[in-house]
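A quick write-up on the structure given underneath.
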Amino acid sequence: MSVTKATEAQGRDGRTPTNGYFGDLLRRVFSRFAADAMDDAPQSRDFVLLDVLADGDARSQKDLAERLGINRTVMVRLIDRLEEVGHVSRTRNPANRRSYVLSLTDAGRAALDEMRESMALRNARIAAALTPREQRRLVTLLGRLLPETEQPATQSIEYLITQAHLNQRRTFDALLGDLGLRVRHFGPLTAIDELGPCPQQRLAQHLSITEPAAAEVVDELVQAGMVSRGKDPHDRRRYALELTDRGRELRPSLYEAGERMQSDTREALGADGEEELRSLLGRLLEAQA
């Protein structure tokens, strides 16, 4: 089933399924390109890290690793090297003295500017699956997802995908804030609602994330009393995840926030813009598979 067709199916009780939310598709495309850059030349890896930090400080190495979808051990090594050359600084997080806030230094900003030209070649490879007209249309639609005050000068597709993803993430975090949740909790909670009781491995596969990443967020949800780990009736050697009473209480508000985010996205993109952008992003994602 294609990415576009997969999003058309309706979930339980007519709700949008987890992988039907536009933000989930945008996250998958962003994560795919970030992973490719991490496997590419060192400059590509540095560019991704510095570019994300240029958008704002990361509250911890764990937070940055999660945003980029990479292993935390790899992240530590990358940040160590960037700090050593003076491109990134670590300062104690006043909200959590056990973690460090990561910031881009002036030298890091200068290095980022120098990298942009070479990254233009990478952008051409990424966009090769689309015609020039489709590339221009993709740039236009992605730009609609950014505030007027944050319209970037660059037309790099990878850069715009990154900025659109981060902006959607910030907006959705604000919508979920009153529930004591963040974007990283939304996908797992709605997926467990759809699939549960389900093993953690299936949850990771459904969300297209690694099992360690799934384990981390499930730990947070278990500690918050929203998810429980029970025995899998089909395999007593593993756990099955399901919502607790607390998780089910939050379910209406959770889906309401998701639909509000969907509605705001449709309004920003225009009547046919969301479907068109889904199609274009889906083709980029499938070309990278």
Side-chain angles (χ1 to χ4, degrees), residues 2-4 6-7 19 21-56 58 63-72 74-75 78-79 82 104 111-113 115-132 134-146 150 152-170 172 183-184 187 204 207-210 213 265 269 274 276-289:
S2 71
V3 173
T4 303
T7 63
N19 57 6
Y21 285 100
F22 175 79
D24 182 69
L25 172 59
L26 190 57
R27 173 190 65 81
R28 291 173 191 242
V29 177
F30 166 77
S31 296
R32 178 68 269 169
F33 290 152
D36 287 346
M38 291 299 165
D39 292 335
D40 204 347
Q43 188 182 57
S44 293
R45 294 195 295 268
D46 292 353
F47 182 82
V48 170
L49 286 169
L50 298 178
D51 191 36
V52 171
L53 288 176
D55 185 69
D63 177 54
L64 187 57
E66 177 188 283
R67 285 159 64 181
L68 294 175
I70 65 172
N71 182 278
R72 282 191 292 166
V74 173
M75 176 61 71
L78 293 172
I79 294 299
L82 288 171
L104 192 63
L112 180 61
D113 288 340
M115 294 175 188
R116 294 203 185 280
E117 184 174 350
S118 61
M119 289 302 103
L121 297 175
R122 174 176 165 79
N123 183 70
R125 294 197 303 271
I126 287 171
L130 305 178
T131 67
E134 289 171 332
Q135 292 175 30
R136 292 191 296 272
R137 184 61 177 158
L138 178 60
V139 166
T140 296
L141 291 170
L142 288 170
R144 291 180 186 174
L145 296 178
L146 301 177
E150 296 181 18
T154 178
Q155 291 198 334
S156 161
I157 287 174
E158 185 173 26
Y159 180 81
L160 286 167
I161 287 172
T162 298
Q163 297 307 310
H165 166 70
L166 294 175
N167 185 62
Q168 290 247 307
R169 186 185 179 102
R170 286 192 299 269
F172 205 7
V183 171
R184 66 176 178 272
L207 296 173
S208 297
I209 60 177
T210 64
T265 298
L269 292 172
E274 183 192 3
E276 186 178 4
L277 185 52
R278 280 183 184 273
S279 176
L280 294 171
L281 290 175
R283 286 170 57 192
L284 290 184
L285 189 59
E286 289 165 0
Q288 296 294 312

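Keep in mind that what you see is a predicted model, and the values were worked out from it rather than measured.
When all heavy atoms of L26 and Q168 are compared, the closest pair comes out as CD2-CG, 4.0 Å. Across all their heavy atoms, A54 and L112 have their closest contact at CB-CD2, 3.8 Å. The two atoms that bring N123 and E158 nearest to each other are OD1-N, 3.5 Å, heavy atoms only. The minimum heavy-atom distance linking A111 with L50 is given by the pair CB-CD1, 4.5 Å.
Considering CZ of R32 and CD1 of I126, their distance stands at 11.0 Å, rounded to 0.5 Å. Distance check: D46 CG to M115 CE gives 4.5 Å after rounding to the nearest 0.5 Å. Atom OG1 of T140 and atom CG of L277 lie 10.5 Å apart (nearest 0.5 Å). For the atom pair CG (L138) and CG (L284), the distance works out to 6.0 Å, reported to the nearest 0.5 Å. Distance check, rounded to the nearest 0.5 Å: CG of L285 to OG of S31 gives 10.0 Å. In this structure, OG1 in T265 is found 7.0 Å from CD in E274, a value given to the nearest 0.5 Å.
The side-chain contact (heavy atoms from CB on, under 4.5 Å) test applied to A124 returns no partner, not counting sequence neighbours. In this view, Q135 satisfies the side chain to side chain donor-acceptor pair (under 3.5 Å) rule with no residue, not counting sequence neighbours. Considering only residues two or more places apart in sequence or on other chains, R137 meets the side chain to side chain donor-acceptor pair (under 3.5 Å) condition with E276. Legend: residues meeting side chain to side chain donor-acceptor pair (under 3.5 Å) with S208, ordered by chain and number and at least two apart, are R28. Considering only residues two or more places apart in sequence or on other chains, D51 meets the side chain to side chain donor-acceptor pair (under 3.5 Å) condition with none of them. With sequence neighbours excluded, the residues that form a ring-ring contact (aromatic ring centres under 6.0 Å, His included) with F172 are F186.
Residues Q163 and L160 fail the side-chain proximity criterion, which asks for heavy atoms closer than 4.5 Å.
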Inset, instruction - For the pair R169 and R27, evaluate side-chain contact (heavy atoms from CB on, under 4.5 Å) and give the outcome as yes or no after the intermediate values. - result: CA-CA 9 Å; R169 186 185 179 102; R27 173 190 65 81; over 6 Å; no
